[in-house]
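Structure first, then comments.
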Amino acid sequence: MARIVLVGAGSITFAKNLLSDLLTFPELTESTIVLHDIDQGRLDTAEAMTRWMVTELGIGAKVEAHADRRAAVDGADYVINEIAVGGMDAVRRDFDIPAAYGVRQTIADTLGIGGIFRALRTIPVMVGLGEDLAELAPDSTLFTYTNPMSMIPWAVYAGTPFRNVVGVCHAARDTQRTLARMVGVPEEEISFLTAGVNHQAFVLRFERDGENLYRRLDALIEREPELARRVRVEVYRNFGYFPTESSEHGSEYLPWFLSREEEVARYRLPVGVYLEWLADGWEEYEFHKRSLEAGRGVPIQRGEELATLAIHSMETGTRRMIHGNVRNDGLISNLPREATVEVPCHVDRAGVQPVRVGELPAQVAALNRTFLNVSELTVKAALEGRRDHVYQAALLDPNTAATLPVRRIRELVDDLIAAHGDLLPEGIRDSHV
């Protein structure tokens with residue numbers, strides 16, 4: 001049976017969700033579940049949780065736990081990545097230092113100055129993982145959840161011999177469900193086509209039996225003017241297609257919102273909200289840990305995690321469609337071939353098979369290229385150890401550039417490099433342009 005590895009398994013809530021799916025598929029109950037984390041305490045908690053779930057379900061799954069990554073991935077069939085390099089301390093630096101310069105952020109993990117630095121400290125680890133997989137599990141599939149999704153798969157396939165990497169994210173699926181609810185049409189009756197860049201993909205087709213459901217959405221917005229106080233609705237009204245990321249998150253990828261205090265109020269943007277979410281996540285980890293220590297276990301609740309659905313399809317031949325983040329290679333003809341794009345993918349025993357979308361509407365592709373400019377320079381900065389590319393990525397970032405002049409952006413980059421220190425590639429730390 002399958003050898004399924006969770007890298008970053010100490011992210012207990014996320015691991016619990018993945019395992020609840022994996023261990024309740026009848027066809028996967030004899031799999032070997034392998035856990036890896038560099039934090040031994042969290043790894044121990046993850047192992048205790050997994051063994052409790054296996055016993056509670058009465059299944060034959062085998063469980064391994066390894067602090068050594070190479071031992072964990074050796075012979076893997078599937079690897080699910082969920083790491084957060086630097087943990088909560090690094091995220092606080094990503095928020096606090098830019099805030100001192102007047103740069104507002106909400107989530108700081110996808111684009112923006114926070115997204116750039118999350119990528120810079122994550123890419124070296126992911127390159128190491130890619131090299132391990134190329135050597136120890138060359139036929140495996142790597143599913144990665146870690147943001148920035150537009151940069152992490154790109155860095156793996158550009159910086160290592162390993163190519164079979166797929167980024168998975170709920171945003172496209174959740175947006176389609178949201179739109180179905182908004183217009184009052186059952187999701188299964190709607191024909192959707194959603195594609196672009198992760199967290200900035202767009203719903204390109206939204207129809208039922210030839211009816212353009214965008215017209216129903218327009219009528220809803222007209223009836224409910226408060227909807228216009230959402231960033232994603234404003235983007236839709238100006239660019240003609242609905243984006244796949246929440247308003248608070250999507251505001252970070254554009255120059256018009258967080259850089260202006262009155263717009264923060266108008267669009268009700270929760271500056272710094274991710275720090276609150278992290279604090280909640282820490283409390284949830286402690287709750288689950290205490291529950292396991294007391295023998296009460298954790299809830300086992302089936303969900304629809306994309307990586308687990310894909311693994312089930314690849315193991316059983318059950319054909320599904322998910323949205324995956326993969327190397328473009330012409331899937332979207334008016335975006336760079338080497339970029340990571342988010343497109344529909346069919347999954348079955350043949351693996352993950354991306355759908356060729358063709359040309360995006362010009363205005364949508366233009367927004368995506370602005371996004372990808374930052375992604376490309378950040379990936380190159382990490383792989384080549386070039387501090388000048390970090391400056392350039394920050395200078396081209398829409399929110400940062402809308403907030404600060406050139407000199408202050410360079411000073412901000414220098415301060416973040418000094419603060420993150422050894423978490424960053426050596427060339428970036430040691431060079432100064």
Side-chain angles (χ1 to χ4, degrees), residues 110-111 141 143 148-154 157-158 163-180 183 185 187-215 217-218 232 235-245 250 253-254 306 310 313 319-348 350-376 379:
T110 294
L111 212 65
T141 300
F143 294 100
M149 192 73 68
S150 67
M151 305 183 203
I152 299 304
W154 191 338
Y157 58 66
R163 297 289 183 271
N164 200 16
V165 52
V166 182
V168 283
C169 173
H170 305 125
R173 182 185 68 185
D174 291 351
T175 295
Q176 292 178 174
R177 290 176 176 174
T178 296
L179 285 173
V183 300
V185 176
E187 184 183 2
E188 62 271 16
E189 296 180 11
I190 299 175
S191 174
F192 284 107
L193 175 62
T194 301
V197 176
N198 179 245
H199 287 181
Q200 201 185 66
F202 290 84
V203 179
L204 305 174
R205 184 170 64 243
F206 181 33
E207 301 174 350
R208 180 176 67 169
D209 298 331
E211 177 191 1
N212 182 353
L213 294 175
Y214 271 130
R215 303 294 73 82
L217 182 62
D218 293 339
R232 65 198 314 192
V235 171
Y236 162 61
R237 292 170 70 188
N238 282 276
F239 289 86
Y241 298 90
F242 203 79
T244 58
E245 194 44 66
Y253 321 144
L254 302 162
L306 297 180
S313 289
R319 191 166 174 82
R320 289 186 174 92
M321 193 283 287
I322 67 170
H323 286 85
N325 291 269
V326 296
R327 181 179 169 90
N328 186 16
D329 280 335
L331 296 171
I332 298 177
S333 57
N334 51 347
L335 293 182
R337 292 187 65 87
E338 67 274 13
T340 299
V341 295
E342 187 167 72
V343 296
C345 300
H346 296 294
V347 192
D348 55 23
V352 179
Q353 306 144 60
V355 172
R356 192 169 300 276
V357 173
E359 188 172 284
L360 295 179
Q363 71 273 27
V364 167
L367 278 177
N368 282 174
R369 285 194 293 267
T370 299
F371 194 114
L372 290 172
N373 289 338
V374 180
S375 301
E376 179 179 19
V379 171

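These values consider heavy atoms only, across backbone and side chains, with no hydrogens, waters or symmetry-generated copies.
- For H323, the ring-ring contact (aromatic ring centres under 6.0 Å, His included) criterion is met by no residue, not counting sequence neighbours.
- For L306 against C169, the heavy-atom pair with the smallest separation is CD1-O, 3.0 Å.
- With a 4.5 Å cut-off on side-chain heavy atoms, V357 and P344 count as touching.
- Judged by distance alone, with hydrogens and angles left aside, the side-chain atoms of T244 form no donor-acceptor pair with the main-chain N or O of A171 at under 3.5 Å.
- For the salt bridge (Lys or Arg N to Asp or Glu O under 4.0 Å) test, residues two or more places apart in sequence or in another chain that qualify with R327 are D329.
- Taking OG of S333 as the start and CZ of R356 as the end, the distance is 9.0 Å to the nearest 0.5 Å.
- For C345 against P354, the heavy-atom pair with the smallest separation is SG-CA, 3.7 Å.
- Within the 4.5 Å cutoff, side-chain heavy atoms of L111 are placed close to those of M151.
- Tested against F242, the residues V235, T194, T175 include a single side chain to side chain contact (heavy atoms under 4.5 Å, CB included) partner, T175.
- The heavy-atom pair separating V347 from S313 by the smallest distance is O-CB, 3.7 Å.
- For the atom pair CZ of R173 and NE2 of H170, the computed distance is 5.0 Å after rounding to the nearest 0.5 Å.
- Scanning for side-chain hydrogen bond (donor to acceptor under 3.5 Å, both in side chains) contacts around R163 gives an empty result, with sequence neighbours left out.
- The backbone N or O of A180 lies less than 3.5 Å from no partner atom in the side chain of E187, so there is not a single donor-acceptor pair.
- With sequence neighbours excluded, the residues that form a side-chain contact (heavy atoms from CB on, under 4.5 Å) with P336 are E338, A339, L372.
- A heavy-atom distance below 4.5 Å is found between the side chains of L254 and Q200.
- Residues meeting the side-chain hydrogen bond (donor to acceptor under 3.5 Å, both in side chains) test with Q353, sequence neighbours left out: D348.
- Among residues two or more places apart in sequence or in another chain, the ring-ring contact (aromatic ring centres under 6.0 Å, His included) test is passed with F371 by Y253.
- Smallest separation of non-hydrogen atoms from S375 and S150: OG-OG, 2.8 Å.
- Annotation: ring-ring contact (aromatic ring centres under 6.0 Å, His included) contacts of F206 (sequence neighbours excluded): F192, Y214.
- Judged by distance alone, with hydrogens and angles left aside, the side-chain atoms of R232 form a donor-acceptor pair with the main-chain N or O of E245 at under 3.5 Å.
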Handout entry: Full working for side chain to side chain contact (heavy atoms under 4.5 Å, CB included) between V168 and I322
Key = CA-CA 8 Å; V168 283; I322 67 170; 4.3 Å; yes

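- With sequence neighbours excluded, the residues forming a side-chain contact (heavy atoms from CB on, under 4.5 Å) with A365 are N334, L335, L360, R369, listed by chain and number.
- Y241 places none of its side-chain heavy atoms less than 4.5 Å from the side chain of V203.
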Practice task
Decide side chain to side chain contact (heavy atoms under 4.5 Å, CB included) for F202 and N368; before the verdict, give the C-alpha distance in whole Å, the side-chain angles of both, and the deciding distance to 0.1 Å.
Solution key: CA-CA 10 Å; F202 290 84; N368 282 174; 4.1 Å; yes

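- Here W154 contributes atom CH2 and N325 contributes atom CG; the two are 12.5 Å apart, rounded to the nearest 0.5 Å.
- Between N198 and T340 the shortest side-chain heavy-atom distance does not fall below 4.5 Å.
- Legend: residues meeting side-chain hydrogen bond (donor to acceptor under 3.5 Å, both in side chains) with R337, ordered by chain and number and at least two apart, are absent.
- For the side-chain contact (heavy atoms from CB on, under 4.5 Å) test, residues two or more places apart in sequence or in another chain that qualify with N164 are T141, F162.
- Annotation: side-chain contact (heavy atoms from CB on, under 4.5 Å) contacts of S191 (sequence neighbours excluded): R205.
- Partners of N238 under the side-chain hydrogen bond (donor to acceptor under 3.5 Å, both in side chains) rule, at least two apart in sequence or in another chain, are E234.
- To the nearest 0.5 Å, atom CG of residue L179 and atom CG of residue L213 are 9.0 Å apart.
- Looking at every heavy atom in both residues, P361 comes nearest to L204 through CD-CD2, 3.9 Å.
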